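Quantities reported herein were computed from a predicted structural model and do not represent experimental measurements. In this chain, numbering begins with 1 at the start of the sequence shown.
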Amino acid sequence: MAFTPLHDRVLVRRVESDEKTAGGLIIPDSAKEKPQEGEVVAVGAGAKDEDGDRIAMDVKAGDKILFGKWSGTEVQIDGEELLIMKESDILGVMA
């Protein structure tokens with residue numbers, strides 16, 4: 001992929017949710033909520049502090065993350081729907 005986010009931004013691929021409930025019912029697309037879980041695809045170099053030094057990013061490519069419901073901006077890159085968000089929009093990293 002020929003895209004690198006700038007500063008403290010992160011490129012995220014949503015992890016698709018299950019299409020069936022635990023009881024075996026199929027959930028139609030119209031009733032699905034967009035998942036709030038994703039995988040980090042790429043990260044920026046980090047923001048700069050007042051002295052001009054880089055603040056290291058807490059996430060890296062490949063991390064599984066949780067993010068807020070309204071976080072990020074949807075973009076289309078290489079035909080794939082991804083999200084760009086600030087690192088501060090990430091709620092946590094899943095182990």
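Rounded to the nearest 0.5 angstrom, Leu6 CG and Ile84 CD1 are separated by 9.0 Å. Atoms CG and CE, from Leu66 and Met94 in turn, are 5.0 Å apart once rounded to the nearest 0.5 Å. Within the model, atoms OG of Ser71 and CG of Leu91 stand 6.5 Å from one another, a figure rounded to the nearest 0.5 Å. To the nearest 0.5 Å, atoms CG (Leu11) and CG (Leu82) are separated by 5.0 Å.
Judged as a side-chain hydrogen bond (donor to acceptor under 3.5 Å, both in side chains), the pairs with a partner in residues 85-95 (not counting sequence neighbours) are, in order, Asp8-Lys86. Among residue pairs with one or both ends in residues 50-64, those qualifying as side-chain hydrogen bond (donor to acceptor under 3.5 Å, both in side chains) are Lys60-Asp63; sequence neighbours excluded.
Side-chain contact check for Ile90 versus Val59: some heavy-atom pair is nearer than 4.5 Å.
Considering all non-hydrogen atoms of both residues, Arg9 and Pro5 come closest at O-CB, 3.4 Å. Counting all heavy atoms, side chain and backbone alike, Ala42 lies closest to Phe3 at CB-O, 4.2 Å. Scanning both residues, Phe67 and Met85, for their nearest heavy atoms gives CG-CE, 3.7 Å.
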Chi angles and distances behind the salt bridge (Lys or Arg N to Asp or Glu O under 4.0 Å) call for Arg14, Glu74: CA-CA 10 Å; Arg14 285 187 196 268; Glu74 292 183 353; 3.6 Å; yes

Val10 vs Met57, side chain to side chain contact (heavy atoms under 4.5 Å, CB included): CA-CA, chis, key distance, verdict: CA-CA 9 Å; Val10 180; Met57 299 286 278; 3.8 Å; yes

Which is it for Ile65 and Val12 under the side chain to side chain contact (heavy atoms under 4.5 Å, CB included) test, yes or no, and what are the steps along the way? CA-CA 9 Å; Ile65 60 166; Val12 176; 3.7 Å; yes

